[in-house]
Amino acid sequence: MKKHIIIISGIIFTLLFLTLATGIYYKINEKHSEKAKKLPYFTLLTIDRKNFNTSEIRTGPLLVVHFNPECDHCKYEIKGIVESDIPSMGFRILLITQAPKDSVINFCRNYSISKYSSITVLFDSSGAFCEKLKSRVIPSNYLYDKNLKLIKVLEGEYKTETIIKYLSGSE
């Protein structure tokens, strides 16, 4: 009888512990997801080696693309963005990469990025900003509304039409 009481007490204790641990886990994740819903603060370097930070972005809509200039999916997606109406529709675009500068400069030259005032290319050499966004897939797209609140995260390559739908609020 004593053995049964010890086993039942152990099971009850384990269940209570797992319930508590699960609650803590969900609370922590909830706080992290709330932080990700706003554009995080950052200071990164532009191609011209100038500092660019969050305070330079006052309103959206904003598209943040984590990319690599050697990635074929990134090339296809950014080519679609550049050839679309997105740069002229009043959307701000940040292209953020951890790639070497020479590779990025060639990429920008190939896609004529410099002719678009709405597109800014930034270097995240330490990976800190991409870590704040929890970006694990390249390309990753972070779409923010006019108040810079996160609308949608699109991981992987997406068609330009899908990006436009979310940015213009019709999705």
Side-chain angles (χ1 to χ4, degrees), residues 32-171:
H32 284 297
S33 67
E34 283 300 312
K35 287 180 184 176
K37 292 191 189 264
K38 286 187 162 186
L39 182 65
Y41 180 80
F42 65 88
T43 299
L44 298 173
L45 289 177
T46 65
I47 287 181
D48 303 331
R49 314 281 295 153
K50 294 178 184 170
N51 282 335
F52 183 94
N53 65 48
T54 308
S55 64
E56 295 181 46
I57 305 169
R58 297 199 180 8
T59 63
L62 172 69
L63 169 61
V64 177
V65 181
H66 180 211
F67 81 106
N68 185 303
E70 304 300 322
C71 164
D72 289 334
H73 297 286
C74 299
K75 290 176 186 177
Y76 180 78
E77 182 175 273
I78 292 172
K79 180 181 180 194
I81 290 169
V82 168
E83 291 177 350
S84 74
D85 293 333
I86 291 177
S88 62
M89 294 175 75
F91 303 136
R92 183 88 188 247
I93 303 165
L94 301 180
L95 302 178
I96 300 178
T97 185
Q98 294 168 269
K101 186 176 180 180
D102 292 340
S103 177
V104 177
I105 288 172
N106 288 333
F107 176 86
C108 291
R109 191 176 302 123
N110 290 340
Y111 293 98
S112 303
I113 300 292
S114 63
K115 77 177 189 178
Y116 300 100
S117 61
S118 60
I119 301 176
T120 305
V121 179
L122 301 169
F123 292 97
D124 182 19
S125 56
S126 69
F129 181 69
C130 293
E131 181 61 32
K132 286 180 185 179
L133 292 176
K134 301 195 181 317
S135 178
R136 291 174 180 80
V137 176
I138 293 178
S140 289
N141 301 281
Y142 300 84
L143 296 90
Y144 294 87
D145 67 11
K146 65 180 181 175
N147 298 316
L148 300 175
K149 302 276 187 193
L150 185 66
I151 301 168
K152 188 79 173 164
V153 176
L154 303 173
E155 292 184 320
E157 180 185 326
Y158 276 82
K159 290 185 177 186
T160 307
E161 297 81 20
T162 303
I163 295 170
I164 291 172
K165 280 183 194 176
Y166 283 110
L167 284 174
S168 58
S170 60
E171 185 70 19

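Treat the numbers as computed from the prediction; the structure is a model and nothing was measured.
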Quick one: [atom1] on [X] to [atom2] on [Y], what's the gap to the nearest 0.5 Å?
| X | Y | atom1 | atom2 | value |
| --- | --- | --- | --- | --- |
| S117 | I93 | OG | CD1 | 10.0 Å |
| L94 | L63 | CG | CG | 8.0 Å |
| N147 | L39 | CG | CG | 12.5 Å |
| F52 | L122 | CZ | CG | 6.0 Å |
| Y142 | C130 | OH | SG | 7.0 Å |
| S168 | I163 | OG | CD1 | 11.5 Å |

Would you find a donor on one side and an acceptor on the other, under 3.5 Å apart, between the side chain of [X] and the backbone of [Y]?
| X | Y | answer |
| --- | --- | --- |
| T43 | N53 | no |
| D145 | K149 | yes |
| S140 | V153 | no |
| K38 | L148 | no |
| K132 | Y41 | yes |
| D102 | N106 | no |
| E157 | E77 | no |
| S103 | P100 | no |

Do I57 and F42 pass the side-chain contact (heavy atoms from CB on, under 4.5 Å) test, and can you show the C-alpha distance, the side-chain angles, and the key distance before you say yes or no?
-> CA-CA 11 Å; I57 305 169; F42 65 88; 4.1 Å; yes
For D48 and T46, does a side-chain donor sit closer than 3.5 Å to a side-chain acceptor?
-> no
Beyond-backbone contact of [X] with [Y], side-chain heavy atoms, under 4.5 angstrom:
| X | Y | answer |
| --- | --- | --- |
| Y111 | I81 | no |
| T120 | R92 | yes |
| V82 | S112 | no |
| F129 | P40 | yes |

The side-chain contact (heavy atoms from CB on, under 4.5 Å) partner of D124 among L44, L45, L133, T97 is L44
Only one of T162, L167, V64, V65 passes side-chain contact (heavy atoms from CB on, under 4.5 Å) with N141, and that residue is V65
What is the minimum heavy-atom distance between [X] and [Y], and which atoms define it?
| X | Y | answer |
| --- | --- | --- |
| E56 | N51 | OE2-O, 3.5 Å |
| I151 | Y166 | CD1-O, 3.6 Å |
| N68 | I138 | N-CG2, 3.7 Å |
| G156 | V137 | N-CG1, 3.6 Å |
| E155 | K134 | OE2-O, 4.4 Å |
| P139 | C71 | CD-SG, 4.2 Å |

Does NZ belonging to K101 count more than 12 external heavy atoms closer than 6.0 Å?
-> yes
So does K75 have more than 12 non-hydrogen atoms from other groups sitting under 6.0 Å from NZ?
-> yes
Hey, can you tell me if F107 and F67 have their rings parallel, tilted or perpendicular (30° and 60° cut-offs)?
-> tilted
I47/I113 under side-chain contact (heavy atoms from CB on, under 4.5 Å): CA gap, chis, key distance, verdict | CA-CA 11 Å; I47 287 181; I113 300 292; over 6 Å; no
